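See below for the structure under consideration.
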Amino acid sequence: MINNLAILPEIILLAAVVIFLLFLAIGKQGFSTLPFVWLGFVAQVAAALSTLALRSLGTERISGNYLQHDPGFLYTRAGIFALGAALTILTGYHRQIDDRRKPELCYFLLWVSIFASILVISHHFLVSYLAIFGLSAVNAFLAAAPFRRQGEGKAAMLYWFQSAFAFTLGFGALIVIAAGMNDLSFPAVREFFAHQPIQIALPLFFALALPFWILGGLFPFHHATIVLNHGSLWPIQAAQSLLVQGASVIALFRVAVLVFVVPGAEFSAWILYGFAIIGGLGGIAGGIGALCNQDSKRFVAYLVLLHWSACLVVLGVPSATSVAAAVYQHFSSGIALAILLIVMGGLLESRGSDSLDGLKGVRKRCIFESLLLLGALASLAGIPPFMGFPAAVNMVGALLEQNDPIVLLFYITVVTLQFVVAARLVGIVFFAESNDSDGLFSAMGGLGTRLRVTLFAIFAPLLLAGFFWENVWMELVDRAAKFMVF
């Protein structure tokens, strides 16, 4: 019964998609898409609530391969569904997604991306790898002309070329590995790499990791993703940044931990330390880019790069505490970035501006949205009492335990940039005055009751997890110690 309850939300969401497609297939005209948006929203909320309910029952009561006794999967699943709900609602009331921009296809792609994001964090290596292909296909559709701003239609060409190259290499490496194995589970793949010399392991690793790497928009392949995000509508950029990039980064992190943390393997230390350097350089590139850009969409794209890269720094010194800290920080950043993207996008579009200057004076007209922005930025900067504070403290504590000055320096640099970037946006929103040079300041409005309720529901765990984080943290450490191989 527990297993049936576990998959019920996915069944509800799948039913919403099927009904949705049936209406499109029969060519029914004049029907409203918003009921289907709300049906998808209800299914996603049901998924998040059932996940938390299952955790309260204890994963030891759940048998079978679906949940694998892993609370990390349950937490991540709940987070993906909650973010999907917010993005679906945002898309349903978005000012620029009208009939000309095919809103039905947009909703469908969002729902498919939720399924793919969950499969990407699967416990089976082959399922996770194939899901990356599916998620990349969804992102390619989201990069298509109907979901891009006018004049930005060619911006996705570099991304498409880069992705095609990555997946050609990745698929080839997968075939090479599968040819010599009967099983493509994580333990089997780990065993395969443990017995390979470094001259074979490193090229195979690079080819296998490249699809996750590029889809996550990580350094040094971040430029194409930032260009892609800059040309997207706000809800599409939010979906790409949170569902596509976020799921890809956590999947890459899991592949690194479950496959490449192999004691005594010649290649292991090189690969993991390489991840730490990539994370550090990506965080620095993201921080500098966010500080130097006045364009709001590029600012957010670099901010996403800054925070997703930070989670990879700890792989240079992997341990149960450092892995748990990275996962906790990933969740924290995902929630705060969701609030930031939705609020910023809604406010700037109501004013018709793409510049950060469009947020000047917003505190006077939209106090609720301004406070949500402040809370999200405080969490991203690691300031109490929000979830980002214990995430940053536990990360520093984990790195101090490992006593590696280079990795610690990388992380401290990234955290400092996170604080400075957040402070910059706080200064614009709360301390800068609008001169209304475009004459549209008076047109700026709030996000509406429905979106405010959705945002508040996302904001609540950001605050609660800042106060009551010890149990979640201890459980993550315990599970990381059991799943990692030392």
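Model, not experiment: these values are computed from the prediction.
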Examine distances only and state if a side-chain atom of [X] and a backbone atom of [Y] form a donor-acceptor pair shorter than 3.5 Å.
X: Ser379; Y: Gly375; answer: no
X: Arg363; Y: Leu371; answer: no
X: Arg254; Y: Ser128; answer: no
X: Trp308; Y: Gly282; answer: no
X: Ser248; Y: Val244; answer: yes
X: Trp213; Y: Phe219; answer: yes
X: Gln237; Y: Lys297; answer: yes

Side chains of [X] and [Y] in contact at under 4.5 Å (non-hydrogen atoms):
X: Phe253; Y: Val327; answer: yes
X: Ile383; Y: Phe389; answer: no
X: Val414; Y: Ser309; answer: no
X: Leu425; Y: Phe299; answer: yes
X: Phe167; Y: Ile132; answer: yes
X: Val426; Y: Phe431; answer: yes
X: Met344; Y: Leu356; answer: yes
X: Tyr302; Y: Val421; answer: no

Approximate separation, where rounding is to 0.5 Å, of [X] [atom1] and [Y] [atom2]:
X: Ser296; Y: Leu347; atom1: OG; atom2: CG; result: 11.0 Å
X: Glu369; Y: Ile339; atom1: CD; atom2: CD1; result: 12.0 Å
X: Phe368; Y: Leu373; atom1: CZ; atom2: CG; result: 11.0 Å
X: Met395; Y: Leu408; atom1: CE; atom2: CG; result: 11.5 Å
X: Leu417; Y: Ile412; atom1: CG; atom2: CD1; result: 11.5 Å
X: Leu215; Y: Leu210; atom1: CG; atom2: CG; result: 11.0 Å

Side chains of Ser319 and Glu401, donor plus acceptor under 3.5 Å = no

request  = Only counting residues at least two apart or in another chain, list the ones meeting salt bridge (Lys or Arg N to Asp or Glu O under 4.0 Å) with Arg298.
outcome  = none

For [X] and [Y], which heavy atoms make the closest approach, and how far apart are they?
X: Ala465; Y: Trp469; value: O-CB, 3.1 Å
X: His307; Y: Leu380; value: CE1-O, 3.3 Å
X: His330; Y: Ile250; value: NE2-CB, 3.7 Å
X: Ala285; Y: His222; value: CB-NE2, 4.4 Å
X: Pro211; Y: Tyr129; value: CG-OH, 3.6 Å
X: Ala256; Y: Phe275; value: CB-CE1, 3.6 Å

task = Report the C-alpha distance between Leu399 and Asp404 in whole Å, list the side-chain angles of each, state the deciding distance to 0.1 Å, and finish with yes or no for side chain to side chain contact (heavy atoms under 4.5 Å, CB included).
result = CA-CA 7 Å; Leu399 294 179; Asp404 189 307; over 6 Å; no

key: Test side chain to side chain contact (heavy atoms under 4.5 Å, CB included) applied to Val323 and Val314, step by step   = CA-CA 7 Å; Val323 167; Val314 300; 5.7 Å; no

message = I'd like to know whether Leu340 forms a side chain to side chain contact (heavy atoms under 4.5 Å, CB included) with Leu303, so could you lay out the CA-CA distance, the side-chain angles of the two residues, the decisive distance to 0.1 Å, and finally the verdict.
response = CA-CA 10 Å; Leu340 184 76; Leu303 183 64; 3.1 Å; yes

ask   = Are there more than 12 heavy atoms of other residues, nucleotides or ligands under 6.0 Å from atom CD1 of Ile367?
value = yes

ask   = Would the number of heavy atoms belonging to other residues, nucleotides or ligands and lying under 6.0 Å from CZ of Phe430 be above 12?
value = yes

request  = In sequence, state the C-alpha distance, the side-chain angles, and the governing distance for Tyr273 and Val407, and then conclude on side chain to side chain contact (heavy atoms under 4.5 Å, CB included).
outcome  = CA-CA 9 Å; Tyr273 219 82; Val407 174; 3.9 Å; yes

